[in-house]
Amino acid sequence: MGKDIRKRKGVGTLLDKAFFEQIAQNKAQTMYRVACGLLRHDADRQDAMQNALLKAWEKRHTLRDERLFTTWLIRILINECRNIARAGQRVIPMETLPETPAPAYDMTARDLVDRLPEKQRLCVILHYLEGWPVKEVAQALKVPQATVRGRLMQARKALKLELTKEEAAYET
Amino acid sequence: MKLNDLQQAYPPVPAALRDSLVRTARTLQEEKPVKKKLSFALVFALLVLLASAGLALSLRYSVEKAVPPKFADKITTIDETYENDYFTMSINDAVSDGMRLILAMHFEPREGAEQVLVFPRMTAQSGDKVLMTDPEAGFEYLDGFWMPEMADNPAGPGNAMLDMVLWDEDFEDTAAIREEITWTLTLHTLKPNWPITHDQYTSKGYVDLGGAITHDQHNQLFADAYQNKEILLTYGDNTLEYAANLPVPKGMKEEEYYLKRDWERLVLSGAFEEADRAQRTFTTKPNAELKQFQGEQVVPMEGYEVVVTSVRAAFLGSEYQLLLRHTDGTMDKDDREPRSYFELRSKDVILPSSGFSFNHAGVGLDEENTQEMRGSFSIADLDRVPDKITFVPFTLKEGVQYHEAMNDPGLRFYQEEKAFPVSLK
(Lines give C-alpha, C1' and ligand atoms only; values in the text may rest on other atoms or scores of the structure.)
Protein backbone atom coordinates (compact mmCIF):
# COMPACT_ATOMS: atom_id res chain seq x y z
CA MET A 1 0.00 0.00 0.00
CA GLY A 2 2.65 2.48 0.97
CA LYS A 3 5.44 3.71 -1.25
CA ASP A 4 8.71 3.38 0.53
CA ILE A 5 10.15 6.85 0.34
CA ARG A 6 10.78 7.54 3.99
CA LYS A 7 9.67 5.77 7.09
CA ARG A 8 7.70 7.52 9.76
CA LYS A 9 7.90 6.91 13.44
CA GLY A 10 4.22 7.12 14.21
CA VAL A 11 1.05 8.93 13.31
CA GLY A 12 1.48 12.68 13.50
CA THR A 13 5.02 12.64 14.82
CA LEU A 14 6.50 14.30 11.77
CA LEU A 15 3.78 16.86 11.14
CA ASP A 16 4.79 19.17 13.94
CA LYS A 17 5.42 22.88 13.92
CA ALA A 18 9.08 22.43 12.95
CA PHE A 19 7.99 20.36 9.97
CA PHE A 20 5.61 23.11 8.86
CA GLU A 21 8.31 25.72 9.19
CA GLN A 22 10.53 23.55 7.03
CA ILE A 23 7.73 23.12 4.51
CA ALA A 24 7.12 26.88 4.46
CA GLN A 25 10.79 27.38 3.70
CA ASN A 26 11.30 24.55 1.23
CA LYS A 27 7.99 24.41 -0.57
CA ALA A 28 7.37 28.14 -0.89
CA GLN A 29 8.73 28.03 -4.44
CA THR A 30 6.39 25.26 -5.55
CA MET A 31 3.45 26.90 -3.82
CA TYR A 32 4.26 30.25 -5.37
CA ARG A 33 4.50 28.86 -8.88
CA VAL A 34 1.16 27.10 -8.51
CA ALA A 35 -0.38 30.29 -7.10
CA CYS A 36 1.16 32.25 -9.98
CA GLY A 37 -0.60 29.90 -12.34
CA LEU A 38 -3.98 30.70 -10.84
CA LEU A 39 -3.86 34.21 -9.40
CA ARG A 40 -2.66 37.46 -10.87
CA HIS A 41 -1.67 39.44 -7.80
CA ASP A 42 1.08 38.68 -5.33
CA ALA A 43 -1.23 39.79 -2.54
CA ASP A 44 -3.74 37.11 -3.45
CA ARG A 45 -1.01 34.51 -3.92
CA GLN A 46 0.33 35.26 -0.49
CA ASP A 47 -3.14 34.96 0.98
CA ALA A 48 -3.74 31.64 -0.77
CA MET A 49 -0.40 30.25 0.35
CA GLN A 50 -0.98 31.26 3.95
CA ASN A 51 -4.54 29.97 3.94
CA ALA A 52 -3.35 26.68 2.51
CA LEU A 53 -0.67 26.33 5.14
CA LEU A 54 -3.13 27.12 7.93
CA LYS A 55 -5.69 24.68 6.56
CA ALA A 56 -3.09 21.96 6.21
CA TRP A 57 -2.02 22.58 9.80
CA GLU A 58 -5.59 22.37 10.98
CA LYS A 59 -6.24 19.12 9.14
CA ARG A 60 -2.83 17.54 9.54
CA HIS A 61 -4.12 14.78 11.79
CA THR A 62 -6.33 13.54 8.99
CA LEU A 63 -3.35 12.80 6.76
CA ARG A 64 -2.26 9.26 7.42
CA ASP A 65 0.70 9.10 5.11
CA GLU A 66 3.05 12.03 5.52
CA ARG A 67 4.93 11.09 2.38
CA LEU A 68 1.93 12.50 0.52
CA PHE A 69 2.05 15.77 2.39
CA THR A 70 3.27 17.96 -0.48
CA THR A 71 0.71 16.59 -2.90
CA TRP A 72 -1.98 17.15 -0.32
CA LEU A 73 -0.78 20.67 0.44
CA ILE A 74 -0.86 21.59 -3.24
CA ARG A 75 -4.40 20.25 -3.51
CA ILE A 76 -5.41 22.50 -0.66
CA LEU A 77 -3.56 25.43 -2.23
CA ILE A 78 -5.31 24.98 -5.57
CA ASN A 79 -8.67 25.06 -3.81
CA GLU A 80 -7.65 28.18 -1.92
CA CYS A 81 -6.55 29.89 -5.13
CA ARG A 82 -9.85 29.03 -6.77
CA ASN A 83 -11.80 30.35 -3.79
CA ILE A 84 -9.87 33.59 -3.95
CA ALA A 85 -10.26 33.88 -7.69
CA ARG A 86 -14.00 33.27 -7.34
CA ALA A 87 -14.52 35.74 -4.57
CA GLY A 88 -12.14 38.48 -5.66
CA GLN A 89 -10.47 38.07 -2.33
CA ARG A 90 -7.80 40.38 -0.96
CA VAL A 91 -5.29 39.82 1.75
CA ILE A 92 -5.84 40.15 5.42
CA PRO A 93 -3.26 42.60 6.73
CA MET A 94 -1.11 40.02 8.45
CA GLU A 95 2.05 41.03 6.70
CA THR A 96 3.33 43.89 4.64
CA LEU A 97 2.93 42.99 1.03
CA PRO A 98 6.16 42.27 -0.81
CA GLU A 99 7.32 45.21 -2.83
CA THR A 100 9.68 43.32 -5.08
CA PRO A 101 10.53 44.77 -8.47
CA ALA A 102 9.34 42.84 -11.50
CA PRO A 103 12.12 40.38 -12.27
CA ALA A 104 13.58 40.27 -15.73
CA TYR A 105 12.43 36.78 -16.60
CA ASP A 106 11.29 35.49 -19.91
CA MET A 107 7.85 37.02 -19.98
CA THR A 108 7.17 35.70 -23.46
CA ALA A 109 7.31 32.14 -22.23
CA ARG A 110 5.32 33.18 -19.15
CA ASP A 111 2.66 34.81 -21.31
CA LEU A 112 2.37 31.65 -23.35
CA VAL A 113 1.95 29.48 -20.30
CA ASP A 114 -0.58 31.93 -18.86
CA ARG A 115 -2.65 31.64 -21.99
CA LEU A 116 -3.08 27.92 -21.52
CA PRO A 117 -6.37 26.75 -20.01
CA GLU A 118 -6.06 26.46 -16.23
CA LYS A 119 -6.10 22.67 -16.25
CA GLN A 120 -3.22 22.46 -18.68
CA ARG A 121 -1.35 25.28 -16.96
CA LEU A 122 -1.36 23.50 -13.62
CA CYS A 123 -0.08 20.31 -15.22
CA VAL A 124 2.71 22.24 -16.93
CA ILE A 125 3.72 24.03 -13.72
CA LEU A 126 3.78 20.93 -11.57
CA HIS A 127 5.28 18.57 -14.12
CA TYR A 128 7.69 20.67 -16.17
CA LEU A 129 8.56 23.45 -13.75
CA GLU A 130 8.49 21.55 -10.49
CA GLY A 131 9.48 18.19 -11.92
CA TRP A 132 6.65 16.28 -10.30
CA PRO A 133 5.96 12.83 -11.73
CA VAL A 134 2.66 12.51 -13.55
CA LYS A 135 1.35 10.31 -10.77
CA GLU A 136 1.75 13.05 -8.18
CA VAL A 137 0.32 15.69 -10.47
CA ALA A 138 -2.68 13.43 -10.98
CA GLN A 139 -3.08 13.03 -7.23
CA ALA A 140 -2.80 16.75 -6.63
CA LEU A 141 -5.31 17.62 -9.32
CA LYS A 142 -7.57 14.70 -8.48
CA VAL A 143 -7.68 13.40 -12.04
CA PRO A 144 -6.50 10.16 -13.65
CA GLN A 145 -2.92 10.08 -14.83
CA ALA A 146 -4.08 9.60 -18.37
CA THR A 147 -5.86 12.93 -18.09
CA VAL A 148 -2.66 14.61 -16.93
CA ARG A 149 -0.76 13.11 -19.81
CA GLY A 150 -3.47 14.28 -22.20
CA ARG A 151 -3.32 17.80 -20.80
CA LEU A 152 0.45 17.86 -21.00
CA MET A 153 0.31 16.72 -24.58
CA GLN A 154 -2.24 19.42 -25.42
CA ALA A 155 -0.14 21.99 -23.57
CA ARG A 156 2.98 20.97 -25.45
CA LYS A 157 1.16 21.37 -28.70
CA ALA A 158 -0.38 24.66 -27.64
CA LEU A 159 2.91 26.12 -26.49
CA LYS A 160 4.57 25.19 -29.71
CA LEU A 161 1.68 26.58 -31.70
CA GLU A 162 1.65 29.83 -29.75
CA LEU A 163 5.34 30.24 -30.19
CA THR A 164 5.02 29.70 -33.90
CA LYS A 165 2.34 32.37 -34.04
CA GLU A 166 4.50 34.77 -32.05
CA GLU A 167 7.47 34.13 -34.28
CA ALA A 168 5.31 34.52 -37.35
CA ALA A 169 3.91 37.77 -35.98
CA TYR A 170 7.40 39.00 -35.17
CA GLU A 171 8.62 38.19 -38.64
CA THR A 172 5.80 40.07 -40.23
CA MET B 1 10.05 26.61 -26.86
CA LYS B 2 12.62 24.61 -24.95
CA LEU B 3 12.07 23.24 -21.51
CA ASN B 4 14.66 25.64 -20.17
CA ASP B 5 12.65 28.59 -21.50
CA LEU B 6 9.63 27.23 -19.73
CA GLN B 7 11.51 26.86 -16.48
CA GLN B 8 12.64 30.46 -16.72
CA ALA B 9 9.07 31.60 -17.33
CA TYR B 10 8.11 31.84 -13.69
CA PRO B 11 10.11 33.95 -11.28
CA PRO B 12 11.40 32.58 -7.99
CA VAL B 13 9.25 33.21 -4.98
CA PRO B 14 9.87 36.74 -3.65
CA ALA B 15 11.93 36.63 -0.47
CA ALA B 16 9.35 38.68 1.41
CA LEU B 17 6.63 36.22 0.48
CA ARG B 18 8.69 33.24 1.55
CA ASP B 19 9.44 34.99 4.83
CA SER B 20 5.77 35.71 5.42
CA LEU B 21 4.94 32.05 4.87
CA VAL B 22 7.62 31.01 7.34
CA ARG B 23 6.35 33.56 9.87
CA THR B 24 2.84 32.19 9.42
CA ALA B 25 4.15 28.71 10.14
CA ARG B 26 5.78 30.04 13.29
CA THR B 27 2.44 31.35 14.58
CA LEU B 28 0.79 27.92 14.37
CA GLN B 29 -0.55 26.76 17.68
CA GLU B 30 0.17 23.24 18.89
CA GLU B 31 -2.74 21.55 20.62
CA LYS B 32 -2.40 20.84 24.30
CA PRO B 33 -1.09 17.30 24.73
CA VAL B 34 -3.34 14.86 26.51
CA LYS B 35 -1.49 13.62 29.56
CA LYS B 36 -2.37 10.26 30.94
CA LYS B 37 -0.74 8.93 34.05
CA LEU B 38 -0.67 5.18 34.43
CA SER B 39 0.56 3.43 37.50
CA PHE B 40 2.77 0.37 37.17
CA ALA B 41 -0.04 -1.81 38.57
CA LEU B 42 -2.49 -0.39 36.06
CA VAL B 43 -0.08 -0.92 33.20
CA PHE B 44 0.46 -4.50 34.30
CA ALA B 45 -3.29 -5.07 34.60
CA LEU B 46 -3.83 -3.60 31.14
CA LEU B 47 -1.16 -5.83 29.66
CA VAL B 48 -2.79 -8.90 31.18
CA LEU B 49 -6.15 -7.74 29.87
CA LEU B 50 -4.78 -7.18 26.41
CA ALA B 51 -3.12 -10.56 26.37
CA SER B 52 -6.31 -12.25 27.41
CA ALA B 53 -8.38 -10.31 24.91
CA GLY B 54 -6.10 -11.54 22.19
CA LEU B 55 -3.35 -9.88 20.24
CA ALA B 56 -5.53 -9.26 17.22
CA LEU B 57 -7.94 -7.16 19.23
CA SER B 58 -5.16 -5.21 20.89
CA LEU B 59 -3.70 -4.30 17.51
CA ARG B 60 -7.04 -3.34 16.06
CA TYR B 61 -6.63 -0.43 13.69
CA SER B 62 -9.02 2.37 14.56
CA VAL B 63 -10.02 5.90 13.57
CA GLU B 64 -9.71 7.04 17.18
CA LYS B 65 -6.43 8.87 16.58
CA ALA B 66 -8.21 11.19 14.17
CA VAL B 67 -10.99 12.15 16.58
CA PRO B 68 -10.78 14.68 19.46
CA PRO B 69 -10.82 12.61 22.67
CA LYS B 70 -14.02 14.25 23.91
CA PHE B 71 -15.83 13.03 20.82
CA ALA B 72 -14.55 9.46 20.93
CA ASP B 73 -18.12 8.27 21.52
CA LYS B 74 -19.00 9.41 18.00
CA ILE B 75 -16.98 6.57 16.54
CA THR B 76 -19.18 3.92 15.02
CA THR B 77 -17.93 0.38 15.50
CA ILE B 78 -18.61 -1.51 12.31
CA ASP B 79 -16.78 -4.83 12.46
CA GLU B 80 -18.03 -5.77 9.06
CA THR B 81 -15.93 -8.54 7.55
CA TYR B 82 -15.51 -10.07 4.15
CA GLU B 83 -13.36 -12.84 2.80
CA ASN B 84 -12.60 -14.28 -0.58
CA ASP B 85 -10.02 -16.71 -1.89
CA TYR B 86 -7.25 -14.14 -1.56
CA PHE B 87 -7.73 -12.14 1.63
CA THR B 88 -9.94 -11.33 4.55
CA MET B 89 -11.00 -7.75 5.13
CA SER B 90 -12.55 -6.07 8.12
CA ILE B 91 -14.06 -2.63 8.27
CA ASN B 92 -13.21 -1.86 11.88
CA ASP B 93 -14.76 1.49 12.64
CA ALA B 94 -15.69 4.82 11.16
CA VAL B 95 -16.52 8.32 12.21
CA SER B 96 -18.55 10.90 10.37
CA ASP B 97 -19.42 14.43 11.37
CA GLY B 98 -21.75 15.02 8.47
CA MET B 99 -19.04 16.62 6.36
CA ARG B 100 -16.46 13.89 6.38
CA LEU B 101 -16.05 10.16 6.89
CA ILE B 102 -12.93 8.54 8.26
CA LEU B 103 -12.81 4.80 7.91
CA ALA B 104 -10.35 2.25 9.32
CA MET B 105 -9.92 -1.11 7.64
CA HIS B 106 -7.63 -4.09 7.91
CA PHE B 107 -6.68 -6.60 5.25
CA GLU B 108 -5.07 -9.98 5.86
CA PRO B 109 -3.82 -12.13 2.98
CA ARG B 110 -4.80 -15.79 2.92
CA GLU B 111 -1.90 -18.11 3.34
CA GLY B 112 -0.55 -19.35 0.03
CA ALA B 113 -3.01 -17.30 -1.99
CA GLU B 114 -1.97 -15.56 -5.20
CA GLN B 115 -1.05 -11.92 -4.97
CA VAL B 116 -3.92 -9.73 -6.14
CA LEU B 117 -4.53 -6.06 -6.76
CA VAL B 118 -7.43 -4.56 -4.82
CA PHE B 119 -9.27 -1.39 -5.81
CA PRO B 120 -11.68 -0.01 -3.21
CA ARG B 121 -14.37 2.47 -4.19
CA MET B 122 -16.62 4.38 -1.83
CA THR B 123 -20.06 5.87 -2.45
CA ALA B 124 -22.50 7.54 -0.08
CA GLN B 125 -26.22 8.05 0.15
CA SER B 126 -28.49 9.75 2.63
CA GLY B 127 -32.15 8.83 2.25
CA ASP B 128 -32.83 9.10 -1.47
CA LYS B 129 -30.02 11.57 -1.99
CA VAL B 130 -26.79 10.34 -3.52
CA LEU B 131 -23.97 12.31 -1.91
CA MET B 132 -20.95 13.39 -3.88
CA THR B 133 -17.74 12.30 -2.19
CA ASP B 134 -14.10 13.05 -2.68
CA PRO B 135 -11.13 11.29 -1.08
CA GLU B 136 -9.08 13.77 0.95
CA ALA B 137 -6.59 11.33 2.36
CA GLY B 138 -5.96 7.69 1.68
CA PHE B 139 -6.29 8.09 -2.06
CA GLU B 140 -3.28 5.82 -2.39
CA TYR B 141 -5.63 3.02 -1.37
CA LEU B 142 -8.23 4.08 -3.90
CA ASP B 143 -5.48 3.89 -6.52
CA GLY B 144 -5.21 0.17 -5.80
CA PHE B 145 -2.99 -1.84 -3.48
CA TRP B 146 -1.54 -5.32 -3.54
CA MET B 147 -2.52 -8.09 -1.18
CA PRO B 148 -0.14 -9.32 0.18
CA GLU B 149 1.38 -5.86 0.17
CA MET B 150 4.45 -5.27 -1.99
CA ALA B 151 5.77 -2.14 -0.31
CA ASP B 152 6.18 -1.02 3.26
CA ASN B 153 2.92 0.23 4.76
CA PRO B 154 3.53 3.06 7.24
CA ALA B 155 0.18 2.45 8.92
CA GLY B 156 1.15 -1.15 9.68
CA PRO B 157 0.76 -4.26 7.56
CA GLY B 158 -2.72 -4.54 6.12
CA ASN B 159 -3.99 -1.34 7.70
CA ALA B 160 -5.80 1.21 5.57
CA MET B 161 -7.57 4.43 6.45
CA LEU B 162 -9.69 6.52 4.13
CA ASP B 163 -10.89 10.10 4.52
CA MET B 164 -13.87 10.95 2.38
CA VAL B 165 -15.29 14.45 2.32
CA LEU B 166 -18.74 15.34 1.11
CA TRP B 167 -18.93 18.01 -1.53
CA ASP B 168 -20.10 21.39 -0.33
CA GLU B 169 -23.25 21.35 -2.42
CA ASP B 170 -24.52 18.54 -0.26
CA PHE B 171 -24.55 20.72 2.82
CA GLU B 172 -27.23 22.89 1.27
CA ASP B 173 -29.77 20.24 2.03
CA THR B 174 -29.38 19.95 5.75
CA ALA B 175 -32.34 17.63 6.10
CA ALA B 176 -30.63 15.00 4.03
CA ILE B 177 -27.45 15.15 6.08
CA ARG B 178 -29.45 14.80 9.29
CA GLU B 179 -30.45 11.33 8.24
CA GLU B 180 -28.16 8.34 8.47
CA ILE B 181 -25.53 8.21 5.78
CA THR B 182 -25.19 4.86 4.09
CA TRP B 183 -21.71 4.21 2.79
CA THR B 184 -20.97 1.49 0.28
CA LEU B 185 -17.48 0.14 -0.11
CA THR B 186 -16.91 -1.82 -3.29
CA LEU B 187 -13.80 -3.94 -3.63
CA HIS B 188 -12.59 -4.96 -7.07
CA THR B 189 -10.06 -7.77 -6.77
CA LEU B 190 -7.87 -8.14 -9.85
CA LYS B 191 -5.70 -11.14 -10.58
CA PRO B 192 -2.65 -10.51 -12.79
CA ASN B 193 -2.56 -12.55 -15.98
CA TRP B 194 0.94 -11.46 -16.95
CA PRO B 195 4.28 -11.49 -15.13
CA ILE B 196 5.12 -8.49 -12.99
CA THR B 197 8.23 -6.37 -13.48
CA HIS B 198 9.43 -3.29 -11.64
CA ASP B 199 10.40 0.09 -13.06
CA GLN B 200 13.96 0.94 -11.95
CA TYR B 201 13.52 4.68 -12.52
CA THR B 202 10.92 5.11 -9.77
CA SER B 203 12.37 2.71 -7.25
CA LYS B 204 13.54 5.59 -5.03
CA GLY B 205 9.99 6.88 -4.70
CA TYR B 206 10.29 9.57 -7.35
CA VAL B 207 11.17 9.67 -11.01
CA ASP B 208 14.92 9.57 -11.37
CA LEU B 209 15.85 9.15 -14.99
CA GLY B 210 19.43 10.09 -14.16
CA GLY B 211 19.87 11.61 -17.60
CA ALA B 212 19.91 8.08 -19.04
CA ILE B 213 16.59 8.32 -20.86
CA THR B 214 14.04 11.03 -21.65
CA HIS B 215 10.52 11.21 -20.24
CA ASP B 216 9.16 10.04 -23.56
CA GLN B 217 11.51 7.04 -23.52
CA HIS B 218 10.38 6.33 -19.98
CA ASN B 219 6.76 6.33 -21.13
CA GLN B 220 7.72 4.00 -23.93
CA LEU B 221 8.83 1.41 -21.37
CA PHE B 222 5.22 0.97 -20.29
CA ALA B 223 4.00 0.60 -23.85
CA ASP B 224 6.77 -1.95 -24.48
CA ALA B 225 5.83 -3.86 -21.34
CA TYR B 226 2.26 -4.07 -22.56
CA GLN B 227 3.41 -5.33 -25.97
CA ASN B 228 5.55 -7.95 -24.22
CA LYS B 229 2.60 -8.97 -22.06
CA GLU B 230 4.23 -7.80 -18.87
CA ILE B 231 2.93 -5.63 -16.05
CA LEU B 232 5.39 -2.84 -15.23
CA LEU B 233 4.96 -1.36 -11.77
CA THR B 234 6.20 2.05 -10.64
CA TYR B 235 7.21 3.15 -7.13
CA GLY B 236 7.50 -0.48 -6.07
CA ASP B 237 3.83 -1.41 -6.27
CA ASN B 238 1.84 1.03 -8.37
CA THR B 239 -0.10 0.38 -11.57
CA LEU B 240 -1.15 3.97 -12.30
CA GLU B 241 1.63 4.72 -14.79
CA TYR B 242 1.06 1.41 -16.49
CA ALA B 243 -2.71 1.95 -16.69
CA ALA B 244 -2.15 5.44 -18.07
CA ASN B 245 -0.04 4.09 -20.92
CA LEU B 246 -2.32 1.29 -22.04
CA PRO B 247 -3.66 1.60 -25.58
CA VAL B 248 -7.31 2.30 -26.26
CA PRO B 249 -8.93 -1.07 -27.06
CA LYS B 250 -10.03 -1.62 -30.61
CA GLY B 251 -13.62 -0.64 -31.24
CA MET B 252 -13.75 1.73 -28.29
CA LYS B 253 -13.82 5.51 -28.61
CA GLU B 254 -11.08 7.41 -26.79
CA GLU B 255 -13.50 9.57 -24.82
CA GLU B 256 -15.32 6.45 -23.68
CA TYR B 257 -12.08 4.74 -22.70
CA TYR B 258 -10.69 7.66 -20.71
CA LEU B 259 -13.83 7.77 -18.61
CA LYS B 260 -13.10 4.24 -17.42
CA ARG B 261 -11.56 3.78 -14.01
CA ASP B 262 -8.03 2.47 -13.73
CA TRP B 263 -9.11 -1.00 -12.67
CA GLU B 264 -11.41 -1.23 -15.68
CA ARG B 265 -8.60 -0.24 -18.03
CA LEU B 266 -6.33 -2.87 -16.50
CA VAL B 267 -8.98 -5.52 -17.09
CA LEU B 268 -9.76 -4.30 -20.61
CA SER B 269 -6.06 -4.60 -21.46
CA GLY B 270 -5.99 -8.29 -20.62
CA ALA B 271 -3.18 -7.77 -18.12
CA PHE B 272 -5.60 -8.49 -15.26
CA GLU B 273 -8.91 -10.18 -14.78
CA GLU B 274 -11.47 -9.27 -12.17
CA ALA B 275 -11.38 -12.30 -9.89
CA ASP B 276 -13.83 -11.03 -7.31
CA ARG B 277 -16.12 -8.12 -6.61
CA ALA B 278 -17.67 -7.44 -3.24
CA GLN B 279 -19.72 -4.75 -1.62
CA ARG B 280 -20.10 -3.94 2.02
CA THR B 281 -22.52 -1.33 3.27
CA PHE B 282 -22.54 0.40 6.62
CA THR B 283 -24.22 3.43 8.09
CA THR B 284 -22.96 6.27 10.21
CA LYS B 285 -25.06 7.92 12.85
CA PRO B 286 -27.61 10.60 11.97
CA ASN B 287 -25.96 13.92 12.22
CA ALA B 288 -27.08 15.60 15.30
CA GLU B 289 -23.32 16.12 15.23
CA LEU B 290 -23.46 18.62 12.42
CA LYS B 291 -25.13 21.86 13.43
CA GLN B 292 -25.59 24.77 11.12
CA PHE B 293 -26.91 28.27 11.16
CA GLN B 294 -30.00 28.56 9.02
CA GLY B 295 -31.50 31.66 7.48
CA GLU B 296 -29.99 35.11 7.68
CA GLN B 297 -29.16 37.15 10.73
CA VAL B 298 -28.36 40.84 10.54
CA VAL B 299 -26.66 42.45 13.52
CA PRO B 300 -26.46 46.25 13.50
CA MET B 301 -23.15 47.69 14.64
CA GLU B 302 -21.76 51.17 14.68
CA GLY B 303 -21.36 52.26 11.06
CA TYR B 304 -21.81 48.77 9.69
CA GLU B 305 -23.85 45.64 10.08
CA VAL B 306 -22.80 42.02 10.33
CA VAL B 307 -24.71 39.58 8.17
CA VAL B 308 -24.28 35.98 9.29
CA THR B 309 -24.49 33.86 6.16
CA SER B 310 -23.07 30.55 7.31
CA VAL B 311 -21.87 28.86 10.48
CA ARG B 312 -21.27 25.15 10.50
CA ALA B 313 -20.05 23.29 13.57
CA ALA B 314 -18.89 19.70 13.61
CA PHE B 315 -16.35 17.93 15.76
CA LEU B 316 -13.91 17.21 12.95
CA GLY B 317 -13.87 20.84 11.80
CA SER B 318 -16.03 23.99 11.90
CA GLU B 319 -16.31 27.16 9.86
CA TYR B 320 -18.18 30.44 9.51
CA GLN B 321 -18.83 33.11 6.94
CA LEU B 322 -19.89 36.69 7.62
CA LEU B 323 -20.58 39.75 5.53
CA LEU B 324 -19.65 43.13 6.94
CA ARG B 325 -21.97 45.61 5.26
CA HIS B 326 -20.85 49.19 5.72
CA THR B 327 -23.73 51.55 6.35
CA ASP B 328 -21.82 54.74 6.98
CA GLY B 329 -20.32 54.98 3.51
CA THR B 330 -16.79 55.13 4.83
CA MET B 331 -15.53 51.94 3.31
CA ASP B 332 -12.76 52.42 0.86
CA LYS B 333 -12.79 50.21 -2.20
CA ASP B 334 -9.30 48.98 -1.39
CA ASP B 335 -9.94 48.69 2.31
CA ARG B 336 -8.01 45.63 3.38
CA GLU B 337 -8.98 45.66 7.02
CA PRO B 338 -12.26 44.40 8.41
CA ARG B 339 -14.19 46.74 10.68
CA SER B 340 -13.71 44.27 13.46
CA TYR B 341 -12.34 40.83 14.09
CA PHE B 342 -14.32 38.20 15.97
CA GLU B 343 -13.59 35.81 18.77
CA LEU B 344 -15.91 32.83 18.86
CA ARG B 345 -17.12 31.47 22.16
CA SER B 346 -19.43 28.80 23.46
CA LYS B 347 -20.56 29.94 26.89
CA ASP B 348 -17.23 30.76 28.52
CA VAL B 349 -15.08 28.59 26.31
CA ILE B 350 -13.08 30.36 23.62
CA LEU B 351 -13.19 28.34 20.41
CA PRO B 352 -9.69 28.36 18.92
CA SER B 353 -9.45 29.85 15.46
CA SER B 354 -6.81 28.49 13.16
CA GLY B 355 -7.16 31.34 10.71
CA PHE B 356 -9.50 33.29 8.51
CA SER B 357 -9.51 35.09 5.22
CA PHE B 358 -11.08 38.26 4.09
CA ASN B 359 -12.65 39.59 0.86
CA HIS B 360 -14.11 42.86 -0.09
CA ALA B 361 -15.51 42.20 -3.50
CA GLY B 362 -16.87 38.73 -3.92
CA VAL B 363 -19.25 37.24 -6.39
CA GLY B 364 -22.78 38.38 -5.65
CA LEU B 365 -21.63 40.94 -3.10
CA ASP B 366 -22.21 44.64 -3.14
CA GLU B 367 -18.71 45.60 -4.13
CA GLU B 368 -19.04 49.15 -2.92
CA ASN B 369 -20.00 48.47 0.65
CA THR B 370 -19.52 44.87 1.60
CA GLN B 371 -16.67 42.84 2.95
CA GLU B 372 -16.70 39.11 3.48
CA MET B 373 -14.94 37.17 6.18
CA ARG B 374 -14.68 33.41 6.43
CA GLY B 375 -12.81 31.46 9.02
CA SER B 376 -12.43 28.13 10.70
CA PHE B 377 -12.56 27.17 14.33
CA SER B 378 -12.38 24.12 16.54
CA ILE B 379 -14.86 22.77 19.05
CA ALA B 380 -12.44 20.12 20.33
CA ASP B 381 -12.55 21.67 23.83
CA LEU B 382 -16.33 21.29 24.11
CA ASP B 383 -18.21 18.23 25.23
CA ARG B 384 -20.66 18.37 22.36
CA VAL B 385 -21.50 20.35 19.26
CA PRO B 386 -22.94 23.62 20.59
CA ASP B 387 -26.45 24.94 19.90
CA LYS B 388 -25.22 28.48 20.05
CA ILE B 389 -21.99 30.30 19.29
CA THR B 390 -21.30 33.84 20.41
CA PHE B 391 -19.33 36.17 18.17
CA VAL B 392 -17.43 38.78 20.16
CA PRO B 393 -16.10 41.63 18.02
CA PHE B 394 -12.72 43.12 18.74
CA THR B 395 -10.47 45.69 17.16
CA LEU B 396 -6.70 46.02 17.24
CA LYS B 397 -4.51 48.69 18.65
CA GLU B 398 -3.63 51.09 15.85
CA GLY B 399 -0.77 49.94 13.65
CA VAL B 400 -0.80 46.41 15.05
CA GLN B 401 -0.92 43.41 12.75
CA TYR B 402 -3.47 40.68 13.39
CA HIS B 403 -0.91 37.94 14.15
CA GLU B 404 0.84 40.24 16.63
CA ALA B 405 -2.45 40.82 18.43
CA MET B 406 -3.12 37.10 18.55
CA ASN B 407 0.00 36.66 20.66
CA ASP B 408 -0.77 39.57 22.94
CA PRO B 409 -4.29 40.04 24.38
CA GLY B 410 -3.28 43.58 25.42
CA LEU B 411 -3.35 44.60 21.78
CA ARG B 412 -6.99 43.55 21.35
CA PHE B 413 -9.97 45.68 22.38
CA TYR B 414 -13.04 43.56 22.95
CA GLN B 415 -16.51 45.00 22.46
CA GLU B 416 -18.37 42.67 24.80
CA GLU B 417 -21.49 44.79 24.65
CA LYS B 418 -21.70 44.17 20.93
CA ALA B 419 -21.32 40.39 21.16
CA PHE B 420 -24.09 38.50 19.41
CA PRO B 421 -25.21 34.88 19.58
CA VAL B 422 -25.82 32.70 16.53
CA SER B 423 -28.11 29.72 16.96
CA LEU B 424 -27.21 26.43 15.34
CA LYS B 425 -29.64 23.65 14.50
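Just so it is clear: chains get the letters A, B, ... in the order the sequence lines come, proteins before strands, and each one is counted from 1.
Residue A:Leu53 comes nearest to B:Leu21 through the heavy atom pair CD2-O, 3.7 Å, listed as atom of the first residue, atom of the second, then distance.
When atom types are taken as modelled, the side chain of B:Arg18 and the backbone of A:Gln29 share no donor-acceptor pair closer than 3.5 angstrom.
For A:Val148, no part lies near chain B; criterion is any non-hydrogen pair under 4.5 Å. Using a 4.5 Å cut-off between heavy atoms, A:Ile76 makes no contact with chain B at all.
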